Amino acid sequence: MTTTLHDPTVRTLLDELFTEAARDDQRPERHLPDDSQGRADALADVYMPISEAGGRLLYALVRAIRPAHVVEFGTSYGISTLYLAAAVKDNGVGHVYGSELSATKVTAARTSLAMAGLADRVTILEGDARETLAAVPGPIGLLLLDGWKELSLPVLHLLEPRLASGALVVADDITMPSMRDYLDHVRDPANGYLGVEFPVEDGMEISCRV
Ligand SMILES: C[S@@+](CC[C@H](N)C(=O)[O-])C[C@H]1O[C@@H](n2cnc3c(N)ncnc32)[C@H](O)[C@@H]1O
């Protein structure tokens, strides 16, 4: 059994991306506009990735459920996308739809996916996910929510009609106060999810569409 995550090219690429992301804290302070696009442009050099453990978790989930479609809100430099795309490739089935507001990051993520030999497994949609993800096909078997946190619930609402029965919705950074309305929604049994908080880095909420 092999995994694309152990492919030397993919491993080296992920190591380089995580090394660069580790410098996020050293980047200059800057004014952040209130609007989503302005904030994305102001933070175009900041990676903010999932953790390595979070990446391995996403890879394992996608391998286990073999989704036809994987959707990602918030691609950034493509670290999480690489894990998702590697799993789809190793499944031999499925496609990943990423979304990113920053044009700089879209170009960089596409370059990384091509270097990893995974470009044909992924479509990265440039622009506001609230618009670009409106057209992605269902059924969605796994949804990663990792964009601006206050948009997690609106993006979930947008995609809810296309979630497969048994789909997994994974939300990153759930300790952030701006995740409160999202957590209230997926933790209310009346809304059709059964979930668990998973202790990787800043916490991931894994919710199963039941
Ligand atoms: C936390 S980072 C994503 C990290 C990425 N998942 C990874 O693991 O490398 C959040 C990203 O979401 C993007 N973003 C925020 N709001 C967005 C929106 N409405 N549509 C598309 N992308 C958005 C930001 O530009 C930023 O790059």
Side-chain angles (χ1 to χ4, degrees), residues 5 10 13-25 27 30 32-59 61-62 70-88 96-113 115-116 118 122-136 142-159 169-179 182 198 200-206:
L5 292 182
V10 175
L13 183 59
L14 281 169
D15 287 345
E16 288 172 359
L17 290 168
F18 275 119
T19 299
E20 195 51 46
R23 300 197 181 103
D24 274 356
D25 289 345
R27 301 189 212 283
R30 77 256 350 232
L32 294 182
D34 286 335
D35 68 293
S36 297
Q37 182 71 58
R39 214 186 322 161
D41 290 338
L43 293 170
D45 59 339
V46 184
Y47 283 58
M48 303 172 273
I50 56 161
S51 63
E52 285 214 63
R56 290 196 301 274
L57 173 65
L58 289 173
Y59 176 90
L61 293 175
V62 171
V70 175
V71 175
E72 172 181 69
F73 169 43
T75 293
S76 192
Y77 279 84
I79 290 180
S80 48
T81 329
L82 283 162
Y83 283 96
L84 297 169
V88 160
V96 180
Y97 293 87
S99 59
E100 178 50 56
L101 271 172
S102 160
T104 303
K105 289 180 170 180
V106 170
T107 302
R110 284 182 181 147
T111 301
S112 291
L113 287 157
M115 285 169 65
L118 295 169
V122 183
T123 303
I124 299 178
L125 302 163
E126 180 178 338
D128 192 323
R130 289 168 290 180
E131 294 161 16
T132 61
L133 294 182
V136 298
L142 187 133
L143 168 62
L144 172 64
L145 296 169
D146 194 23
W148 299 152
K149 302 306 157 185
E150 70 279 9
L151 300 181
S152 297
L153 186 55
V155 171
L156 178 66
H157 281 320
L158 174 73
L159 297 172
V169 183
V170 182
D172 197 26
D173 304 319
I174 60 167
T175 54
M176 293 177 76
S178 45
M179 288 298 282
Y182 173 82
F198 206 82
V200 285
E201 213 186 26
D202 292 331
M204 282 178 154
E205 183 86 359
I206 304 177

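Whatever order the structure lists ligands and atoms in, that order sets their numbers, starting from 1. Just so it is clear, the structure is predicted and the values come from calculations on it, not from any experiment. The first residue in the sequence is number 1, and the count goes up from there.
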[X], any N or O under 3.5 Å of ligand 1 N or O:
X: Glu100; result: yes
X: Arg130; result: no
X: Ile50; result: yes
X: Ser36; result: no
X: Lys149; result: no
X: Met48; result: no
X: Tyr77; result: no
X: Gly74; result: yes

**Distance (rounded to the nearest 0.5 Å) between Ile174 CD1 and Leu145 CG** =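 Interatomic distance, Ile174 CD1 to Leu145 CG, rounded to 0.5 Å: 12.0 Å.
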**Asked** When you look for heavy atoms under 4.0 Å from ligand 1, do you find them on the side chain of Thr132, its backbone, both, or neither?
**Response** neither
Check whether any side-chain heavy atom of [X] lies under 4.5 Å from a side-chain heavy atom of [Y], and answer yes or no.
X: Leu113; Y: Ile124; value: yes
X: Thr81; Y: Glu72; value: yes
X: Thr104; Y: Tyr77; value: yes
X: Met176; Y: Asp202; value: no
X: Arg27; Y: Tyr47; value: yes
X: Leu57; Y: Ile206; value: yes

Specify the protein heavy atom at minimum distance from [atom]: its residue, its atom name, and the distance to 0.1 Å.
atom: atom 19 (N) of ligand 1; value: Asp128 OD1, 3.0 Å
atom: atom 16 (N) of ligand 1; value: Trp148 CD1, 3.2 Å
atom: atom 7 (C) of ligand 1; value: Ser80 OG, 3.3 Å

To check you understand the geometry: which heavy-atom pair defines the closest contact between [X] and [Y], and what is its length?
X: Leu13; Y: Ser112; value: CD2-O, 3.2 Å
X: Ala53; Y: Val200; value: CB-CG1, 3.9 Å
X: Ala134; Y: Leu158; value: N-CD2, 4.0 Å

**Request:** Please report the C-alpha distance between Asp146 and Asp173 in whole Å, then the side-chain angles of each, then the deciding distance to 0.1 Å, and finally whether the side chain to side chain contact (heavy atoms under 4.5 Å, CB included) criterion is met.
**Result:** CA-CA 8 Å; Asp146 194 23; Asp173 304 319; 3.6 Å; yes
Residue [X] vicinity, atoms of ligand 1 by number, heavy atom under 4.0 Å:
X: Lys105; answer: 26 (C), 27 (O)
X: Asp146; answer: 1 (C), 2 (S), 3 (C), 4 (C), 5 (C), 6 (N), 8 (O), 10 (C), 11 (C), 12 (O)
X: Ala129; answer: 18 (C), 19 (N), 20 (N), 21 (C)

**Request:** Please work out which of Leu151, Leu58, Leu101, Thr104 has its closest non-hydrogen atom nearest to atom 23 (C) of ligand 1.
**Result:** Leu101
**Request:** Return yes when Gly127 approaches ligand 1 closer than 4.0 angstrom through a heavy atom, no otherwise.
**Result:**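 Distance cut 4.0 Å: Gly127 passes for ligand 1.
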